[in-house]
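Chain letters run A, B, ... following the sequence lines, proteins first and then strands; every chain starts at 1.
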Number of protein chains: 2
Amino acid sequence: MTAAQVAAHAGLSVATVSLVLNGKTDGRVSPANIERVRASVAELGYVVDQGASALARGRSDLVVLVAPDLSNPFFGSVIQGIEQELGPRFQLVLSVTESGVQPSASDVRRFAGLRPAGYLVDAPSDAFLDELGDDAPLVVLDAPELRTDVAAVNYDMRDAIDALAAHLASRGHRTLGYLDSITDTRTFQLRREQLTAAAERNGMTVSAPDAARSIIELGAAAAAFGAAWPEWRADGVTAVVCATDTHAYGVLEAARASGLSVPGDVAVTGFDDLPYSRVTAPPLTTVRLPGEPLGRAAARRLVAQIDGGADAGGHAAGPTVGPPPDLVATLIARGSTA
Amino acid sequence: MTAAQVAAHAGLSVATVSLVLNGKTDGRVSPANIERVRASVAELGYVVDQGASALARGRSDLVVLVAPDLSNPFFGSVIQGIEQELGPRFQLVLSVTESGVQPSASDVRRFAGLRPAGYLVDAPSDAFLDELGDDAPLVVLDAPELRTDVAAVNYDMRDAIDALAAHLASRGHRTLGYLDSITDTRTFQLRREQLTAAAERNGMTVSAPDAARSIIELGAAAAAFGAAWPEWRADGVTAVVCATDTHAYGVLEAARASGLSVPGDVAVTGFDDLPYSRVTAPPLTTVRLPGEPLGRAAARRLVAQIDGGADAGGHAAGPTVGPPPDLVATLIARGSTA
DNA sequence: CTGAAAGCGCTTACAG
DNA sequence: CTGAAAGCGCTTACAG
């Protein structure tokens with residue numbers, strides 16, 4: 001089934017069929033013919049060949065999502081938000097890499113061949129963005145303080161982290177451990193830095209901040225905590241702040257395995273507020289990072305960039321268009337710090 | 001950057017460039033020219049335009065994954081398995097729908113326009129497969145007892161469900177509740193049917209089997225349990241078997257909210273064995289359904305079908321190629337039924 | 001072994 | 001408002 005067949009069926013030209021299907025009918029196609037094309041399309045069940053369309057236009061309707069770590073269930077809700085906003089016009093192509101590994105240059109190349117309408121990239125490194133180049137519109141997610149020439153949608157975690165530190169201080173904690181992600185991206189650096197600063201403001205210290213890190217996986221986090229705990233305990237650590245909820249789950253598991261009570265022997269907190277954090281033993285105190293709004297905001301910004309050209313996005317954006325406000329993170333206090 | 005530019009750079013024709021890039025050089029391109037093309041491709045950073053390639057071949061390298069419920073974190077590992085097996089040759093396109101909703105005919109249409117290399121469809125209905133038609137190679141995941149003309153990768157849950165029933169009977173349970181998924185697909189019907197049958201063999205009954213169901217979401221499951229519990233309790237239910245771990249988490253939350261102790265007042269079990277089930281309060285007894293192997297097996301089978309033509313897959317498969325053995329589910333007993 | 005050329009199915013100036 | 005035609009960048013018989 002091709003546009004030529006539709007045209008023949010409707011008694012019109014392929015040009016007219018194409019104009020109707022692309023909504024470029026204003027002053028170019030008569031109402032009667034618009035209707036005729038629509039009827040033929042419906043009757044024949046015609047669908048535009050995306051490859052041919054992309055070839056002719058120089059752009060496809062594919063949006064590439066580069067996520068370093070789909071195993072982090074946080075992405076489930078981000079993706080839902082993206083799909084909601086993208087709607088039927090664009091198709092999401094997934095680039096998943098190993099846990100926490102940044103995609104390589106050759107990964108990037110493959111996607112360029114798709115002539116994507118745009119890229120959505122979670123927590124990229126500067127190097128990765130350099131490789132991606134100016135190929136297509138781009139919005140980055142959760143990449144705070146990245147180069148200013150790229151549109152970004154971020155979280156404002158400062159108040160929530162302050163609240164977390166105050167919360168822990170009020171519970172009598174004086175020395176904290178920090179279980180970091182192994183991914184070396186700015187969002188994780190910021191979480192640690194802001195926590196460290198907030199801890200100091202609240203009369204607490206963070207013990208050996210670089211000691212413990214793991215990929216975003218429960219078992220790996222449990223092992224990392226197990227390795228760090230002897231030193232932390234010697235240092236007087238009574239609370240462990242984790243870079244993600246998944247890390248915190250690992251700590252919960254390791255703590256139980258070694259007979260530590262939470263929060264009695266050690267308090268535990270995370271970042272994300274995955275749904276599971278309501279049912280862990282004990283329920284997890286965490287900084288909520290709403291995933292779906294992040295996905296929606298990023299997708300909305302990308303579509304604006306695709307439709308509006310350069311000045312709708314971050315690329316050489318004039319002063320007329322400011323960045324969207326960051327999404328506000330909030331502290332959710334539960335039993336793991338009770 | 002086009003094949004023509006590569007050809008010019010290498011002093012050869014675009015035909016030769018294409019043959020080299022598609023590995024069709026046997027007896028068609030001299031070793032020296034193969035090398036020359038490779039060098040030019042590398043030097044110029046050339047990537048084949050996928051749209052043009054798909055147009056010329058009539059097929060793209062896109063594999064469409066239709067998953068009714070990406071919010072189920074079970075899919076994270078399935079997707080990882082798929083990506084592992086698909087490798088760099090194919091790109092995964094995501095079709096996500098609302099929780100538990102089957103994709104519509106118009107969703108299907110859109111994908112046909114991509115001229116996909118194949119489809120991977122999780123737990124489809126017969127109606128959906130009819131709409132999909134014979135468009136491209138197809139493998140379905142977790143769709144037991146579906147029409148036999150389609151290649152499927154399934155779980156063998158029978159022994160695990162028997163073990164689950166025996167486990168519950170040995171703990172003294174006599175009446176079970178069943179919290180079902182709202183998705184009306186065969187895999188969920190089977191879970192309930194097999195559990196019901198196994199319960200009877202072990203001297204137990206399942207109370208009001210159709211009473212309780214929800215989408216695969218913690219809060220919805222908690223509400224469904226809350227609604228069903230009064231009747232179940234009156235019926236003497238002491239254990240609730242859930243269609244997924246996520247449903248079980250909802251029961252755990254609802255139970256805590258209403259002051260029920262688990263497993264003291266009510267035992268709870270799930271299906272999936274998500275990593276979180278190790279850290280819930282209490283840890284969850286569940287039937288483990290390994291997601292990554294499911295994704296890998298399905299992708300492997302799809303690639304075989306794409307490469308081998310009709311007789312490598314389920315389409316009109318001769319007796320020479322049997323279906324792969326089902327992936328075996330196993331019972332994981334934990335504290336929620338202790 | 002090599003290259004000229006047809007053809008894949010669109011989109012978009014362009015002429016009318 | 002309408003249609004003929006060029007052109008997008010590949011792949012693949014085909015002739016040599």
Within this structure, what is the CD-to-P distance between Gln5(B) and dC8(D), rounded to whole angstrom? 11 Å
For DNA chain D, whose closest nucleotide is more 5', that of Asp49(B) or that of Leu19(B)? Asp49(B)
Are the side chains of Val303(B) and Glu85(B) in touch, meaning some heavy atoms are under 4.5 Å apart? no
For dC1(C), take OP1 and OP2 only and decide whether either is under 4.0 Å from a side-chain N or O of Thr16(B). no
Residue pair Arg28(A)/Asn22(B) against DNA chain D: nearer the 5' end by closest nucleotide is Arg28(A)
Could you check whether Gln50(A) and Gln91(A), counting side-chain N and O atoms only, form a donor-acceptor pair closer than 3.5 Å? no
Between Leu21(A) and Leu12(B), name the one whose nearest nucleotide on DNA chain C is closer to the 5' end. Leu12(B)
Quick one: is Ser53(A) getting a side-chain N or O under 4.0 Å of the dC10(C) phosphate, OP1 or OP2? no
Provide, to the nearest angstrom, the distance between the CG atom belonging to Leu55(B) and the P atom belonging to dT12(D). 12 Å
Strictly distance-based, threshold 3.5 Å: is any side-chain N or O of Thr25(B) a donor or acceptor partner for the main-chain N or O of Arg28(B)? no
Under a plain distance cut-off of 3.5 Å, with no hydrogens placed, do Ser53(B) and Arg57(B) share a side-chain donor-acceptor pair? yes
Whole angstrom value for the distance that separates C1' of dA13(D) from CZ of Arg57(B): 17 Å
Quick one: which of Arg59(B), Arg110(B), Arg115(B) gives a salt bridge (charged side-chain N to carboxylate O under 4.0 Å, His left out) with Asp49(A)? Arg115(B)
Compare the minimum distances between each of dT11(D), dG3(C), dT11(C) and the side chain of Ala15(B), then state the nucleotide with the smallest one. dG3(C)
If pairing means Watson-Crick or G-U wobble with both distances under 3.5 Å, then the partner of dA15(D) is dT2(C)
Presence of salt bridge, Asp135(B) and Arg109(B), under 4.0 angstrom: no
Under 4.0 Å between any heavy atoms, over every strand shown, what does Gly27(A) touch: base, sugar-phosphate, or nothing? Just pick one. base
Distance in angstrom units between Met1(B) CE and dC8(D) P, rounded: 15 Å
Look at Lys24(A) and dT12(C) and indicate whether a side-chain polar atom (N or O) is within less than 4.0 Å of OP1 or OP2. yes
Euclidean distance, atom CG of residue Asp61(B) to atom C1' of dT11(D) [Å, nearest integer]: 13 Å
I need the CG-C1' distance between Leu114(A) and dC10(D), as an integer number of Å. 14 Å
Rounding to a whole Å, what distance do you find between Arg115(A):CZ and dC8(D):P? 13 Å
Heavy atoms from C-beta onward define the side chain here; which of dT2(D), dC1(D), dC8(D) lies closest to that of Ala56(A)? dC8(D)
How would you label the contact of Ala3(B) with the nucleic acid (heavy atoms, under 4.0 Å): base, sugar-phosphate, or nothing? sugar-phosphate
Does a side-chain N or O from Thr2(A) land closer than 4.0 Å to OP1 or OP2 of dC8(C), or not? no
From the options dG3(C), dG9(D), dT12(C), select the nucleotide whose nearest atom is closest to the side chain of Ser13(B). dG3(C)
Check the distance between dG9(C)'s P and Tyr46(A)'s OH and give it to me in whole angstrom. 10 Å
